[in-house]
Amino acid sequence: MTRGQAVITILVMAACTLATRALPFALFGGGRRAPKVVLYLGRTLPYAIIGMLIVYCLRGARPLVWPRALPEAVGLAVTAVVYLMGKRALPAVLGGTAAYMIALRVIG
Amino acid sequence: MTGAAVTKSRTRAAIRAALPVTVPVLTSYIPLGAAFGALLASQGYGVGWAAFMSAAVFAGSMQFAGVGLLTAAFDPLGAALLTLMINARHLFYGLAMLERWRGFDRTKPYRVFALTDESFSLFIACPEPPVNVEPRLFEFWIALLNQCYWMAGSVAGALVGSAMRSNPRFDLAGIDFSMTALFLVIFLDQWRGGKGRAAALVGIGGAFACLMVFGESWFLIAAMVVIVAALMLLRPVIAAGGLDT
């Protein structure tokens, strides 16, 4: 990706983020009710998209080629255990990432 | 007092009222912003890029996903779709603020632009500022302080990440797993809440099926289409709460 393409990508992200924040004011500021299907997608998409993003992050993993996916498995397990023990995001992210980076070097 | 002096004292009162309210966001935005900045810098996008993204986009999980977009092939349409879908939840924040923010003043564009999860939860948690502070100015400063924390964290993280990247003693391979870990934590947090489990399974299942069919370079757009289609098909069930327990 060139610098120009990176700038365009970021501006696209900025514009679409602003669109999701401004749309309700632009469309329903005059007292019109939001269509139910919009409300439904707004309510369910956040859950679905986080699931999709996990798959997206792991798209390069090869679970069937031993032990290629072992670092991913270790990282996910440590992240989950630390999170479920403390219910705090930051230690889980740091611990899981550290475990992954160590496993990557040990397993290779 | 002159007009300028009145404005200045009103601003000062609003900042003084907003500062203590934003402390919980400070303690979460600085480390999370730093993680984002370090991740971005580890992919070769230094301090300027981190500041630019945090200034222009200002959306946590989207910026993490954006690091992935910046390291992949140029695909503005895919970037647009992904952004709209990740940030679809913001529609609700806007809807929830419609009544309270009816009418226009010059702080409104920024308040809308900066309506993050954290700012929104602060607006909901503390609806009334002290009597001498204008509510809209109070909210404006809450949002602006929050973005300052986010930018400070991003820039600090990017400085550290860039320094480590240019020093051969540090090997950052695998630091991009922090994005995976963050999404897993958000997923677990949502799952524990008990809501949206059916939708979460639709997301994982749809994305996985598309990954198998289309391969890792092409599956993301297909997955977004499939997920929206599946959610629409399952709407009678999910909307009724049948699968959501």
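Just so we're on the same page: letters track the sequence lines, and every chain starts at 1.
Considering all non-hydrogen atoms of both residues, A:Tyr40 and B:Arg235 come closest at OH-CA, 3.3 Å. Contact detail for A:Ala14 and B:Ala56: the closest heavy-atom pair is CB-O, 3.3 Å. Scanning all heavy atoms of the two residues, the minimum distance from A:Met52 to B:Ala223 falls at SD-CB, 4.1 Å. Scanning all heavy atoms of the two residues, the minimum distance from A:Thr79 to B:Val185 falls at CG2-CG2, 3.7 Å.
Top candidate by heavy-atom pairs under 4.5 Å with chain B, chosen from A:Leu90, A:Leu23, A:Leu76, is A:Leu76. For the options B:Ala80, B:Gly205, B:Gly215, B:Cys210, heavy-atom pairs under 4.5 Å to chain A are most numerous at B:Ala80. When each of B:Met232, B:Met97, B:Met85 is scored by its heavy-atom pairs under 4.5 Å with chain A, the top score falls to B:Met85. Chain A forms more heavy-atom pairs under 4.5 Å with one residue of B:Leu32, B:Leu77, B:Leu69, B:Leu98 than with any other, namely B:Leu98. Contact count versus chain A (heavy atoms, under 4.5 Å) is highest, among B:Leu211, B:Val228, B:Leu201, B:Val202, for B:Leu211.
Of the possible donor and acceptor atoms, none in the side chain of B:Arg192 sits under 3.5 Å from a partner among the backbone N and O of A:Leu84. Side chain of A:Arg21 to backbone of B:Val112: no donor-acceptor contact under 3.5 angstrom is found.
Of the atoms belonging to B:Phe64, not a single heavy atom falls under 4.5 Å from chain A. Only the backbone of B:Ala73 comes within contact range of chain A, with heavy atoms under 4.5 Å apart. For a residue to count as touching a neighbouring chain, one of its non-hydrogen atoms must lie under 4.5 Å from one of that chain's; by this rule A:Ala15 does not touch chain B. Neither the backbone nor the side chain of B:Ala35 comes within less than 4.5 Å of any heavy atom in chain A. Proximity to chain A involves both the backbone and the side chain of B:Thr116, based on heavy atoms less than 4.5 angstrom apart. Contacts of B:Leu184 with chain A are made by both backbone and side-chain atoms, with heavy-atom separations under 4.5 Å. At a 4.5 Å heavy-atom cutoff, the contact between B:Phe92 and chain A is made by side-chain atoms alone. Using a 4.5 Å cut-off between heavy atoms, B:Leu81 does not touch chain A at all.
Other residues, nucleotides and ligands place more than 12 heavy atoms under 6.0 Å from the CZ atom of B:Phe52.
The only member of B:Thr83, B:Ile86, B:Asn87 that meets side chain to side chain contact (heavy atoms under 4.5 Å, CB included) when paired with A:Met13 is B:Thr83.
The side-chain heavy atoms of A:Val55 and B:Phe219, taken from C-beta on, include a pair separated by under 4.5 Å. With contacts defined as side-chain heavy-atom distances shorter than 4.5 Å, the pair A:Ile10/B:Trp49 qualifies.
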* Report the C-alpha separation of B:Asp171 and A:Arg105 in whole Å, then their side-chain angles, then the decisive distance to 0.1 Å, and conclude whether the side chain to side chain contact (heavy atoms under 4.5 Å, CB included) test is met. => CA-CA 10 Å; B:Asp171 174 10; A:Arg105 283 156 181 77; 3.0 Å; yes
